[in-house]
Visitor: 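For reference, the structure I am asking about is given below.
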Amino acid sequence: MAIEFTKYHGLGNDFILVDNRASSLPVLTPEQAIQLCDRHFGIGADGVIFALPGENGADYTMRIFNSDGSEPEMCGNGIRCLGRFIADLEGEYRNKDSYRIHTLAGMITPQLMADGQVKVDMGLPRLLAGEIPTTLGTAETKVINQPLEVAGQTWEVTCVSMGNPHCITFVSDVAAIPLEIIGPQFEHHPAFPQRINTEFIQVVSRDYVKMRVWERGAGITLACGTGACASLVAGVLTGNCDRIATVELPGGPLQIEWSEIDQRIYMTGPAQKVFTGQL
Ligand SMILES: N[C@H](CCC[C@H](N)C(=O)O)C(=O)O
């Protein structure tokens, strides 16, 4: 049976989206995802995202496989693409602009904006070491500007979970970071039992930062939505940022807000359809 897919990207963080509404299990395996994400022998993507039937009162369920076949709890750029993809699937039957999506990180709500951007309620950040998870500090403590030895250097790291785990460090020049060398050493560091997404942040001003990322299970990507959210939270916790800021990624900017009212994180950015195909 042929499997249709649609290629989307969010600021160059690109995904293969699959209409999985007819089954409660992904129609592709993690091994197939690895093959399909390969940029020479496959379609090429940072991950594969499945639009599954909703559960727990959700409109849909999202599952995602990273390009290494691992399954993360959430994906920020990916869920903006999923929102756009669902709207396209529903076509003339679409009767709303926002969807409640059940994910392993909880209920996440992308909203299609009039200007074509997608605004996502990313939920509450988790700050306790036990929630990241990390062994840096005891389970009930926050990890803010803690020293961590990686690649022969001592980095000051702040850890935040958006459902998936992030480690943020502030540097003077993100362009000078040898990501391909130190990224894997952060990702596989024993302090992170579930591995880790690592964000390097250069603070240009309190409402504008530059970010580069080494993603768990995907390596260097052009953007990371959950990482941008986690970085804004780390910026506030360390006194570097205001609660609303632009996060400039290699693929482009995201607007992130850590709401004073409901403490939830809101992310606004694009989602771009590239092409459809069949497997
Ligand atoms: N590689 C990430 C998942 C994708 C997150 C990123 N692409 C985003 O936009 O949030 C992880 O294993 O946690």
Side-chain angles (χ1 to χ4, degrees), residues 7-17 26 30 33-34 37 39 44-50 62-85 101 103-106 108-110 117-126 131-134 159-168 179-180 183-184 186-189 192-201 211-234 247-256 265-272:
K7 189 81 194 306
Y8 279 82
H9 76 85
L11 299 179
N13 188 202
D14 61 338
F15 303 96
I16 296 159
L17 274 89
I34 294 170
C37 288
R39 296 192 185 282
D46 291 324
V48 181
I49 292 177
F50 304 91
M62 175 176 88
R63 287 184 65 183
I64 167 175
F65 294 151
N66 281 314
S67 55
D68 75 347
S70 62
E71 179 168 9
E73 301 79 355
M74 229 308 266
C75 178
N77 290 314
I79 205 153
R80 295 201 313 276
C81 295
L82 180 64
R84 178 73 60 217
F85 179 55
I101 311 287
T103 75
L104 294 177
I108 306 288
T109 306
Q117 300 253 82
V118 184
K119 180 172 184 178
V120 186
D121 170 356
M122 297 285 283
L124 297 167
R126 291 73 147 183
E131 296 175 302
I132 303 301
T134 179
C159 295
V160 176
S161 169
M162 292 304 296
N164 61 346
H166 295 270
C167 168
I168 296 100
L179 271 184
E180 59 290 335
F186 271 94
E187 178 181 0
H188 300 282
H189 194 288
F192 305 114
Q194 302 292 327
R195 297 188 288 161
I196 197 82
N197 295 285
T198 306
E199 288 82 19
F200 300 85
I201 300 293
M211 170 180 144
R212 289 178 69 211
V213 60
W214 176 275
E215 282 196 33
R216 175 184 65 170
I220 295 175
T221 62
L222 294 181
C224 181
T226 51
C229 295
S231 298
L232 186 274
V233 171
V247 178
E248 186 74 41
L249 298 134
L254 285 172
Q255 296 302 324
I256 313 290
I265 307 290
Y266 294 89
M267 168 188 67
T268 303
Q272 192 69 40

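Atoms within a ligand are numbered from 1 in the order they appear, just like the ligands themselves.
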Visitor: Going by heavy atoms in the side chains, are I64 and I79 under 4.5 Å from each other?
Guide: no
Visitor: At a heavy-atom distance under 4.0 Å, which protein residues reach ligand 1? Sort them by chain and number, would you?
Guide: N13, N66, P72, M74, C75, G76, N77, N164, N197, E215, R216, C224, G225, T226
Visitor: What distance separates F50 CZ from I16 CD1, expressed to the nearest 0.5 Å?
Guide: 9.0 Å
Visitor: Centres of the F192 and F186 rings: under 6.0 Å?
Guide: no
Visitor: To the nearest 0.5 Å, what is the distance between OG1 on T221 and CH2 on W214?
Guide: 10.0 Å
Visitor: Would you say N164 and T226 are linked by a side-chain donor-acceptor pair, where the criterion is simply a distance under 3.5 Å?
Guide: yes
Visitor: Distance check, rounded to the nearest 0.5 Å: E215 atom CD versus C75 atom SG?
Guide: 6.5 Å
